[in-house]
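The structure under discussion appears below in the form of structure tokens.
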4 protein chains.
Amino acid sequence: MNASTPEPAKPVSGRREATRRKLFEAAVTLISEQGYGATTVDEIAERAGVAKGTVYYNFGGKNELYAALMEWGVTRLADTLREAVPAAGQDVGPREALAEVLRSGVVFISAHEALARLLMAEAWRTNQSWYATVRQIRTEAIGVITGQLDAMVERGLTRPDLDTSLAGSALFGMVVTVALDWRTLQPERPVEEIHTTLAHMADGLIGSPASPQ
Amino acid sequence: MNASTPEPAKPVSGRREATRRKLFEAAVTLISEQGYGATTVDEIAERAGVAKGTVYYNFGGKNELYAALMEWGVTRLADTLREAVPAAGQDVGPREALAEVLRSGVVFISAHEALARLLMAEAWRTNQSWYATVRQIRTEAIGVITGQLDAMVERGLTRPDLDTSLAGSALFGMVVTVALDWRTLQPERPVEEIHTTLAHMADGLIGSPASPQ
Amino acid sequence: MNASTPEPAKPVSGRREATRRKLFEAAVTLISEQGYGATTVDEIAERAGVAKGTVYYNFGGKNELYAALMEWGVTRLADTLREAVPAAGQDVGPREALAEVLRSGVVFISAHEALARLLMAEAWRTNQSWYATVRQIRTEAIGVITGQLDAMVERGLTRPDLDTSLAGSALFGMVVTVALDWRTLQPERPVEEIHTTLAHMADGLIGSPASPQ
Amino acid sequence: MNASTPEPAKPVSGRREATRRKLFEAAVTLISEQGYGATTVDEIAERAGVAKGTVYYNFGGKNELYAALMEWGVTRLADTLREAVPAAGQDVGPREALAEVLRSGVVFISAHEALARLLMAEAWRTNQSWYATVRQIRTEAIGVITGQLDAMVERGLTRPDLDTSLAGSALFGMVVTVALDWRTLQPERPVEEIHTTLAHMADGLIGSPASPQ
DNA sequence: CATGAATGAGTATTCATTCAT
DNA sequence: AATGAATGAATACTCATTCAT
């Protein structure tokens, strides 16, 4: 905060950082399994292997921990999607590029079901203190998809009048819903089947360059 | 349950029915905004303009009120979607039929935002007592869409290997997400624009009977 | 709050009022004996013979209970002092009238030591939420004394240039201090000795109509 | 520890003394504003600009810090009052001598408001561990006043039956109350006006050697 | 039918104190 | 000498539920 004192290189992962990480992991697991209200601070602390007071020392309260959690997890989702976008140099068609992004979304969600459930639960709760955070990062994630769609429109691979912003939101909702339904109702199905169906859908959904009304 | 049939046994719409309705409305709004856990019985009663005890007199408890709520709303959603399916005799192509179902979904959601938010928030929280209810009726709603897809597969209007169950879930998630994003972020946009984009997307899907892998 | 609905004569002392009174009494005793911080809500509830939740139902919190307490007690002090002022018709000299007010102050304090201690402890804690209340009513109490002094100045019974406001504050502090010291250090002394000394002091303190500098 | 004074035994004013002083000042201010119970060790440390552990390193605990505080400040008050008593040889009337003591009291209080607030707030809270300290030194301070009154009684300058101990307590309470009211409510008034009013009042007392009952 | 005061088990939160660095 | 992360016992507070009116 004070530019004149250049801070003697504070150790980034000291004891504190390790404790925060432990608490994060405990909290994600428990809250996503039981919901925010049903998860007690005692449980979180016990699972993290620290004393209850430590939660308050590090986060200030249950609400703040939850907010930090949302931000942390949701940032990771956006990052994952961004990483899935093929590098500019690579010779991959926009169609395959989009499929790749959706695929990475499914993988992420199946690895972080908990988080995905929270994300959907909080997505439209506008009066919560962490709504802004969730919304902003959700927009970022959708932005990655929208970006791919824009590229496709540019190259004439889909109808030119497509509202790519709405379509991005649609694809996002589709992926999350399918992925969660899969994990919840038919976890035994191989992930490839999910990928394939989603690819088919996306392919069809936006694959009509000039379908007549 | 219907006031036009004067049953002597139980006066269906006396003070009681009015009270229940007030409580329903208050509960849907509050819970969709804050979540189930964060909404107190006091708040619901206050918003409904009745005393707290009245909630217990009429529903037996917070959980029961919530369960009744879910069942009520979600049944109406399934009914609405079913009504949108063109009667067998009518000469409507499957393309238009599907579009009509999705359209009615959007209309329903924009009229019952709160309920839709709830539906998404609770859809995958498996260890709640009302999970079975939500799931069952959600399946019913998705079933209407799946039915249309099946009809299309039968008539060779889309790829024969489509997993219509997964696809139904995908379209459901797509519609709900788009509709809620619209209501939350850009409520000023005319509903037609939403319809059009969704129709385009569904159109694309239907239009690809045999897109090569 | 709503003038158009003239409130159908709410019963002033129903169950609720009785509960509040019990809590008041329990709280005054305990807090004055142990201090605010050392007194727990559990103790107060137990002593009042009600459940802990009842404290919150009736007052909203420990702080609010304390604030209500201060207002209640301190209002009674002001009332007591006012009542001690001889009625206008009675043939009592201002000197005796003042002595009477001070005397009633001592009696009140010895009957409500607890409250008096709180009053002094909070008198100059300007950043507490209840400071305004304490201050206002303290001013009222001092006002009764100041009123007597003004009467004396008017009749030429004391020096005309006396700052009666400051002098009122001085006499108030004198009375409270002496009374509390008495109760704390020499409770065995008869109250009359205290009265007498205070009367002497007041007599002398302001009894010099024209003492040369 | 202190490079400039290479004392082998105990460096009196090294870093440690400075730290203790900082903590003293922070503690007096905060406690006088909020009370002992409402002031946390965190706050004190933060205001003093040191880490929390430092409080414990230097004083052993919150209670000990407070006790040290009270003793330190209250000793200074007694000393100040004693110094105000004119030396035996000096030719000063008892009237002026008493006025001088009260005057020095007002000056001290206006310079150490926080301490004075504490002194009044804790004076009658008998079951605290530091009660003995506060009481003893308070008695010392009052003793200076009482001493003056005794001298006056001896010389026949006031009524012979005056309970000088009670009267001392009365004057003490009067001075502290007036001084704090002044600082809190009308700090803009010149100190001389306060002095004058107090002198007038004390004057009156002294000037009544034999006021008839 | 409806009310709202009362309840108390369950939970979040505070904060003086410790101790390894 | 000083630090600040961690602690956990003590405590304040919440809120679904009950029940007498």
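Naming convention: chains lettered A, B, ... in sequence-line order (proteins, then strands); numbering from 1 in each chain. The structure presented is a predicted model; accordingly, all values stated were derived computationally and were not measured.
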Item to complete: May I ask you to evaluate whether C/Asn58 reaches the phosphate of E/dA5, defined as a side-chain N or O under 4.0 Å from OP1 or OP2?
Response: no

Worksheet entry | Whole-Å distance separating the CG atom of D/Leu23 from the P atom of E/dA16 | 14 Å

Worksheet item: Yes or no on side-chain contact (heavy atoms from CB on, under 4.5 Å) for C/Tyr36 and C/Leu65, after CA distance, side-chain angles and deciding distance?
Response: CA-CA 11 Å; C/Tyr36 176 79; C/Leu65 170 56; over 6 Å; no

Worksheet item: Roughly how far, to the nearest 0.5 Å, is the OG1 atom of D/Thr29 from the CZ atom of D/Arg47?
Response: 5.0 Å

Fill in: D/Glu64 vs A/Val41, nearer the 5' end of DNA chain E by closest nucleotide
A/Val41

Fill in: Distance, rounded to the nearest Å, where C/Glu43 contributes CD and F/dT11 contributes C1'
11 Å

Practice prompt. Report yes or no: is there a donor-acceptor pair, N or O only, under 3.5 Å between the side chain of D/Lys52 and the base of E/dT17?
Written response: yes

Item to complete: Would you indicate, yes or no, if E/dA6 has its OP1 or OP2 atom less than 4.0 angstrom from a side-chain nitrogen or oxygen of C/Thr19?
Response: yes

Worksheet item: Atom CD of A/Glu17 to atom C1' of F/dG4: distance rounded to whole Å?
Response: 15 Å

Worksheet item: Can you tell me how far P of F/dA16 sits from CD1 of B/Ile44, to the nearest Å?
Response: 8 Å

Worksheet item: In whole angstrom, what separates C/Asn63's CG from F/dT11's P?
Response: 16 Å

Discussion item. Between C/Arg15 and E/dA5, is there a contact of a side-chain N or O with OP1 or OP2 at under 4.0 Å?
Written reply: no

Practice prompt. In whole angstrom, give the distance that lies between atom OH of B/Tyr66 and atom C1' of F/dA16.
Written response: 17 Å

Worksheet item: On DNA chain E, nearest-nucleotide positions of B/Thr54 versus A/Gly53: which is more 5'?
Response: B/Thr54

Worksheet item: Taking for each residue the nucleotide of DNA chain F with the nearest heavy atom, is it B/Gly37 or C/Asp42 whose nucleotide lies nearer the 5' end?
Response: C/Asp42

Worksheet entry | Watson-Crick/G-U partner (both atom distances under 3.5 Å) of F/dT21 | E/dA2

Item to complete: Look at the aromatic rings of D/Trp72 and D/His112 and report parallel, tilted or perpendicular, splitting at 30° and 60°.
Response: perpendicular

Fill in: Shortest side-chain distance from B/Ala51, nucleotide among E/dA16, E/dT3, F/dA5
E/dT3

Fill in: Any side-chain donor near an acceptor of the partner, C/Tyr66 and C/Glu122, under 3.5 Å
yes

Discussion item. Taking the six-membered ring of C/Tyr131 as reference, does the cationic atom of C/Arg125 (NZ for Lys, CZ for Arg) lie under 6.0 Å from its centre and within 45° of its axis?
Written reply: no

Discussion item. Using the side-chain heavy atoms of D/Tyr57, tell me which of these nucleotides is nearest: F/dA5, F/dT3, E/dA16.
Written reply: F/dT3

Worksheet item: Is the shortest side-chain N/O distance from D/Tyr56 to OP1 or OP2 of E/dT17 below 4.0 Å?
Response: yes

Worksheet item: Mapping B/Thr40 and D/Val50 onto DNA chain F by nearest heavy atom, which one lands closer to the 5' end?
Response: D/Val50

Worksheet item: Taking a pair as Watson-Crick or G-U wobble with both distances under 3.5 Å, which nucleotide is matched to F/dA9?
Response: E/dT14

Worksheet entry | Nucleotide E/dA2, atom P - distance to CZ of B/Phe59 in whole Å | 11 Å

Practice prompt. Could you state the atom-to-atom distance from CD of C/Glu46 to P of E/dT7 in whole Å?
Written response: 13 Å

Worksheet item: Considering the options B/Ile44, B/Thr40, B/Val41, which one meets the side chain to side chain contact (heavy atoms under 4.5 Å, CB included) requirement together with B/Lys52?
Response: B/Val41

